[in-house]
Amino acid sequence: MKEIKVELGDKSYPILIGSGLLREHGLIKKFVNSQQVMIVTNETVAPLYLERVVSNLAGLTVKTTILPDGERFKTLDSMNEIITAMLRYHFSRNCTVIALGGGVIGDIAGFASACYQRGTAFLQIPTTLLAQVDSSVGGKTAVNHKLGKNMIGAFHQPSAVITDTDVLDTLDDRQLKAGLAEVIKYGLIRDSSFFDWLETNIEKLLDRDFESLVYAIEISCRNKAEIVAMDEKESGIRALLNLGHTFGHAIETGLEYMDWLHGEAIAAGMLMAADLSERLGWLSINDVNRIEAILLQTGLPVTLPEALSPEKVRQLMAVDKKARNGQIYLVLLKQIGKAIVTNDFDDNALDMTLQQYSREKRSN
Ligand code: NAD
Ligand code: GLY
């Protein structure tokens, strides 16, 4: 088992990564410091892994909330369902909320835990690659609003992240690829040697080679843990984790949280950020081509969805948590492995990038 520490003073916690952790007797319970436990999961994950987790919590009062599956259910209504269940079962503040699922469940359950009686203990058991490399670490929790992605939320750190790599066996290939988008992101924003490694090993990852997957999860978590330790509340460097996200969130909102997966929207967004960086004279065309090549090899989208015009995406990009005084800030690349947050770009250059990646335009 690998252990990575997220160093946040008295809020520090471990990320445990290994095969078979959910079956390891006593492991989950070690991080539960209360009698009452609410496990939040969804209709897909519950039949696969809920029993495994419940049986490891023998002796505790364990209740479950099973939500419908999908990004479009990452709403205040779903969060309210969890809170209502906790009230019905007379949960006190001294309870633990466990998120068992992908990033959607982690984000909703975490937000419910942050809000219930002003905050309860929280444990992350991520079951998608995306959640294992990104969303379970760092304490960002949120639900979506019809007008904007992740617009209602809180910072609320878990007491541990328990990552059992065995659960990836049941994850379909499309979801695995979406998770790889966030893995590639770490290489792009701050770890060029990891990007080189990914270029060499992407086929192995797609073939689910165990050693390669564990390595990719570990390096991703190390990168994320270091960034979060430096800037928990995103007043600076943490914003770099949003490479491609202003574009990607606009795509997700524009598609009403349907059809495209989060990682897919981020993939197309990262390539658009790279293209814009090249237009500004920062990134070489060779590096843009390398980024496009690895995304294509992974099987991720590299253009805007057909249903969205560049103008619509541009309009949606204004609803972004990085926007200040009506100005859009973007994470752009100086080179592979070096990102910056900036509003110092020409609006025309951004429009040209959006035009360039419009599927409609490309097929003409
Ligand atoms: P998801 O949670 O929707 O999971 C993807 C699909 O896989 C779902 O259908 C789910 O039921 C299914 N699934 C989960 N585990 C499975 C397993 N082991 N076997 C089979 N099926 C399984 O999507 P995601 O990609 O995990 O997460 C995306 C969400 O994460 C987005 O809402 C995004 O905004 C959020 N996110 C948050 C952060 C953060 O820092 N909080 C970071 C990145 C992304
Ligand atoms: N996924 C962005 C962050 O955690 O900051």
Side-chain angles (χ1 to χ4, degrees), residues 6 22 40-50 52-53 66-75 78 99-111 114 122 124-144 148-151 153-158 161 163-183 185-186 189 220-221 223-225 227-228 230-246 248-249 251-253 257-258 260-267 321-322 331 341:
V6 183
L22 293 190
V40 180
T41 186
N42 73 20
E43 292 161 349
T44 307
V45 177
L48 296 169
Y49 303 112
L50 182 56
R52 223 176 272 187
V53 175
I66 300 178
L67 296 171
D69 187 358
E71 180 76 35
R72 67 187 185 286
F73 298 106
K74 192 172 136 178
T75 57
S78 294
L100 173 67
V104 168
I105 287 299
D107 280 11
I108 310 173
F111 188 41
F122 176 45
Q124 285 270 18
I125 303 183
T127 63
T128 61
L129 180 63
L130 187 138
Q132 295 186 347
V133 299
D134 192 351
S135 61
S136 63
V137 177
K140 274 191 182 176
T141 73
V143 295
N144 299 329
K149 166 102 177 155
N150 290 341
M151 280 294 150
F155 287 95
H156 186 56
Q157 301 293 341
V161 179
T163 289
D164 184 342
T165 49
D166 290 359
V167 303
L168 298 179
D169 290 348
T170 53
L171 194 69
D172 69 34
D173 284 344
R174 187 176 170 201
Q175 295 291 347
L176 188 87
K177 291 171 185 177
L180 287 172
E182 301 277 18
V183 173
K185 177 186 78 179
Y186 294 109
I189 60 173
S220 300
C221 286
N223 272 294
K224 181 137 189 194
I227 291 179
V228 170
M230 284 186 270
D231 180 22
E232 184 194 1
K233 300 271 171 76
E234 196 171 309
S235 47
I237 188 176
R238 185 166 181 169
L240 300 185
L241 289 167
N242 293 320
L243 175 68
H245 283 55
T246 308
H249 285 173
I251 293 172
E252 290 184 274
T253 307
Y257 311 113
M258 287 188 281
W260 277 39
L261 304 179
H262 174 72
E264 293 172 339
I266 297 316
K321 289 190 286 324
K322 285 185 298 309
V331 183
V341 184

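First listed ligand is number 1; within each ligand, the first listed atom is number 1. Any value given below was found using the heavy atoms of this structure, including those in side chains, with hydrogens, waters and symmetry copies removed.
- Shown here for W260 and I251, the closest heavy-atom pair between the two residues is CE3-CG2, 3.8 Å.
- Residue G263 comes nearest to A181 through the heavy atom pair O-CB, 3.2 Å, listed as atom of the first residue, atom of the second, then distance.
- Put simply, the side chain of K74 never gets that close to the backbone of N144: no donor and acceptor are under 3.5 Å apart.
- A heavy-atom cutoff of 4.0 Å around ligand 1 is satisfied by the protein residues N42, T44, V45, L48, Y49, D69, E71, K74, G102, G103, V104, D107, T127, T128, L130, D134, S135, K140, K149, N150, V167, T170, L171, Q175, E182, K224, H262.
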Find all protein N or O atoms under 3.5 angstrom from an N or O atom of ligand 2 and list the pairs with distances, or write 'none'.
unit_1, atom_1, unit_2, atom_2, d
ligand 2, 1 (N), D134, OD1, 3.3
ligand 2, 4 (O), K224, NZ, 2.6
ligand 2, 4 (O), R238, NH2, 2.8
ligand 2, 5 (O), K140, NZ, 2.8
ligand 2, 5 (O), R238, NE, 2.7
ligand 2, 5 (O), R238, NH2, 3.4

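- Residue L100 comes nearest to L50 through the heavy atom pair CD2-CA, 3.8 Å, listed as atom of the first residue, atom of the second, then distance.
- Remark: side-chain polar atoms of Y186 are not paired, donor with acceptor, to backbone N or O of C221 under 3.5 angstrom.
- When all heavy atoms are compared, the tightest approach of T170 to L48 is OG1-CD1, 3.9 Å.
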**Message:** For V53 and I125: C-alpha separation, side-chain torsions, deciding distance, then whether side-chain contact (heavy atoms from CB on, under 4.5 Å) applies.
**Reply:** CA-CA 9 Å; V53 175; I125 303 183; 4.2 Å; yes
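- Under the 30°/60° scheme for interplanar angles, the aromatic rings of F122 and H156 are found to lie parallel.
- Residue L241 is tested with E234, K224, K140, E182 for a side-chain contact (heavy atoms from CB on, under 4.5 Å); the sole match is K224.
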